[in-house]
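Below you'll find the structure, written out as structure tokens, and then a few comments.
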Amino acid sequence: MDPETGTNRTAVTEFILLGLVETEKLQSMLFVLFFFAYLVTVGGNLSILAAILVEPKLHTPMYFFLGNLSALDIGCITVTVPPMLDRLVSHKHTISYDACLTQLFFFHLLAGMDCFLLTAMAYDRFLAICRPLTYSTRMSQTVQRILVAASWACAFTNALTHTVALTTLNFCGPKEVNHFYCDLPQLFQLSCSSTQLNELLLFAVGFIMAGTPVVLIISSYIHVAAAVLRIRSAEGRKKAFSTCGSHLTVVCLFYGTGIFNYMRLGSEEASDKDKGVGIFNTVINPMLNPLIYSLRNPDVQGALRRVFVGRQSLT
């Protein structure tokens, strides 16, 4: 290693995001697909938010957290997809060093918030099914706000830690990022100084960020499953499993792709697979979440019908 690498010397002022495809024809198709996906995702999540706001029946803790999740999904796809669409239109694939770090910070802020919010939703289901008599006091509006505020604080700390740690690395070339947005594993590959401490930090913090919520979620659902199986009514069991099933599906999709992406580092040949995982994290998951939560939920379906069909009938 060069002796000067002990200092914070960043010769690279911009990176080149290679994107998903190279040919112009495929780029045009990609623009249409991702633009459509962006509209569907934002529209779907805004619809969920509108339904929760206008329907009094949905003014409960579970839907309070779901509304926050919908807002996060809009933010997550907005951080990555519109800049990619802009590069496809302008054919300019460069991104400044500062813009790259900013994108990375907000991506990890929102992804970290997802981790903790999904845990809060599991805790909510645990209280609602296993502790119904004390549910209203244990999950009061104050508790809900504290859980969301604590989630934001932890996610902010995580994102800031990784962003600051990345600024200690030296980038002196090459500057081609084999991805369509800035993320830690791909940037580590471009550093001309040692990334060992950064990779260790990512693994350790990632283990805490993913491991602790997963343990809490699994623990909550073990108690929920035991409580549901004691319900004598088949209809009651079906309703309980339906609300929990939607949440578990989202948890599996989110954590499955996250673990694949961040729990194994130093593999350059995996970069193309990382792009697929990146699409899943930033596009597919946010697009599927409104569908998952509304498909088997009659309350959300009824609220959505009143939001759209009700307005049309009034006009």
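In what follows, residues are counted from 1 in the order of the sequence shown. Since the model is a prediction, treat every value here as computed from it, not as a measurement.
Residues Thr94 and Glu14 come closest through the heavy atom pair CG2-OE2, 3.7 Å. When all heavy atoms of Gly19 and Lys275 are compared, the closest pair comes out as O-NZ, 2.9 Å. When every heavy atom of Pro132 is checked against every heavy atom of Ala128, the shortest pair comes out as CB-O, 3.7 Å. In terms of heavy-atom proximity, Met113 sits nearest to Ser151 at SD-CB, 3.4 Å. When all heavy atoms of Phe34 and Val81 are compared, the pair lying nearest together is O-CG1, 4.0 Å. Cys130 approaches Ala227 most closely through the heavy-atom pair SG-CB, 3.8 Å.
In this structure, Thr168 contributes its side chain and Ala165 its backbone to a donor-acceptor pair below 3.5 Å. Between the side chain of Glu176 and the backbone N or O of Ile16, no donor-acceptor pair lies under 3.5 Å. Without hydrogens or angle criteria, Arg125 side chain to Ser220 main chain gives no donor-acceptor distance under 3.5 Å. A distance-only check finds a donor-acceptor pair linking the side chain of His59 to the backbone of Leu53 [under 3.5 Å]. A donor-acceptor pair is defined here as one N or O able to donate and one able to accept, closer than 3.5 Å; no such pair exists between the side chain of Tyr255 and the backbone of Gly211. A distance-only check finds no donor-acceptor pair linking the side chain of Thr195 to the backbone of Asn198 [under 3.5 Å]. Panel note: side chain Ser191, backbone Leu187; no donor-acceptor pair is recorded below 3.5 Å. Listed for the Ser193 side chain is a donor-acceptor partner under 3.5 Å among the backbone atoms of Asn170.
Remark: Tyr135 OH is packed, more than 12 non-hydrogen atoms of other residues, nucleotides or ligands lying under 6.0 Å away.
When the side chains of ILVMFWY residues are joined at heavy-atom separations under 4.5 Å, either directly or via intervening members, Phe116 and Ile218 end up in two distinct hydrophobic clusters. By the rule that hydrophobic residues join a cluster once side-chain heavy atoms approach within less than 4.5 Å of another member, Leu72 and Leu160 end up as members of one cluster. Neither Leu147 nor Val215 shares a network with the other; the hydrophobic side chains, linked directly or stepwise wherever heavy atoms of I, L, V, M, F, W or Y lie under 4.5 Å apart, form separate groups for each. Taken together through direct or relayed side-chain contacts under 4.5 Å among Ile, Leu, Val, Met, Phe, Trp and Tyr, Phe188 and Leu197 form parts of separate hydrophobic clusters. In the hydrophobic cluster analysis, where Ile, Leu, Val, Met, Phe, Trp and Tyr join through side-chain heavy atoms closer than 4.5 angstrom, Tyr38 is grouped together with Met29.
Relative ring orientation between His108 and His162 is described as tilted, the plane-to-plane angle lying within the 30° to 60° band. Relative orientation of the Phe107 and Tyr181 rings is tilted, given thresholds of 30° and 60° on the angle between their planes.
In this structure the side chain of Pro61 never reaches within 4.5 angstrom of the side chain of Val143, judged on heavy atoms. Pro83 places none of its side-chain heavy atoms less than 4.5 Å from the side chain of Ile95. The shortest distance between side-chain heavy atoms of Thr282 and Ile77 does not fall below 4.5 Å. For the pair Leu85/Val89, no side-chain contact is recorded, criterion being any heavy-atom separation below 4.5 Å from C-beta on. Using a 4.5 Å heavy-atom threshold, the side chains of Met62 and Met121 count as separate.
Atom CG of Leu117 sits about 9.0 Å away from atom CH2 of Trp152, to the nearest 0.5 Å. Taken from CG in Leu58 to CG in Leu49, the straight-line distance is 11.5 Å, to the nearest 0.5 Å. If you take CG on Leu184 and CG on Leu104, they are separated by 4.5 Å, rounding to the nearest 0.5 Å. In this structure, CG in Asn158 is found 8.5 Å from CG in Leu201, a value given to the nearest 0.5 Å. Distance check: Met287 CE to Phe36 CZ gives 8.0 Å after rounding to the nearest 0.5 Å. Note that the OG atom of Ser28 and the CG atom of Leu33 stand 11.0 Å from one another [nearest 0.5 Å].
For the side-chain contact (heavy atoms from CB on, under 4.5 Å) with Cys182, the qualifying choice from Thr102, Leu17, Val79 is Leu17, the only one to do so. Looking at Asn45, Thr249, Asp73, Asp114 one by one, the single match for side chain to side chain donor-acceptor pair (under 3.5 Å) with Asn289 turns out to be Asp73.
In summary, the aromatic rings of Phe156 and Phe105 are positioned with their centroids under 6.0 Å apart.
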### Query
Could you walk me through whether Phe65 and Met139 pass the side chain to side chain contact (heavy atoms under 4.5 Å, CB included) check?
CA-CA 11 Å; Phe65 293 126; Met139 192 52 74; 4.0 Å; yes

### Query
side chain to side chain contact (heavy atoms under 4.5 Å, CB included) between Leu248 and Tyr221: does it pass, once the steps are laid out?
CA-CA 9 Å; Leu248 279 173; Tyr221 275 110; 3.6 Å; yes

### Message
If you apply the rule side chain to side chain contact (heavy atoms under 4.5 Å, CB included), what do you find for Leu118 with His247, and how did you get there?
### Response
CA-CA 8 Å; Leu118 290 172; His247 180 248; 3.9 Å; yes

### Message
Pair Leu26, Leu30 - check side chain to side chain contact (heavy atoms under 4.5 Å, CB included), show working.
### Response
CA-CA 6 Å; Leu26 289 176; Leu30 201 67; over 6 Å; no

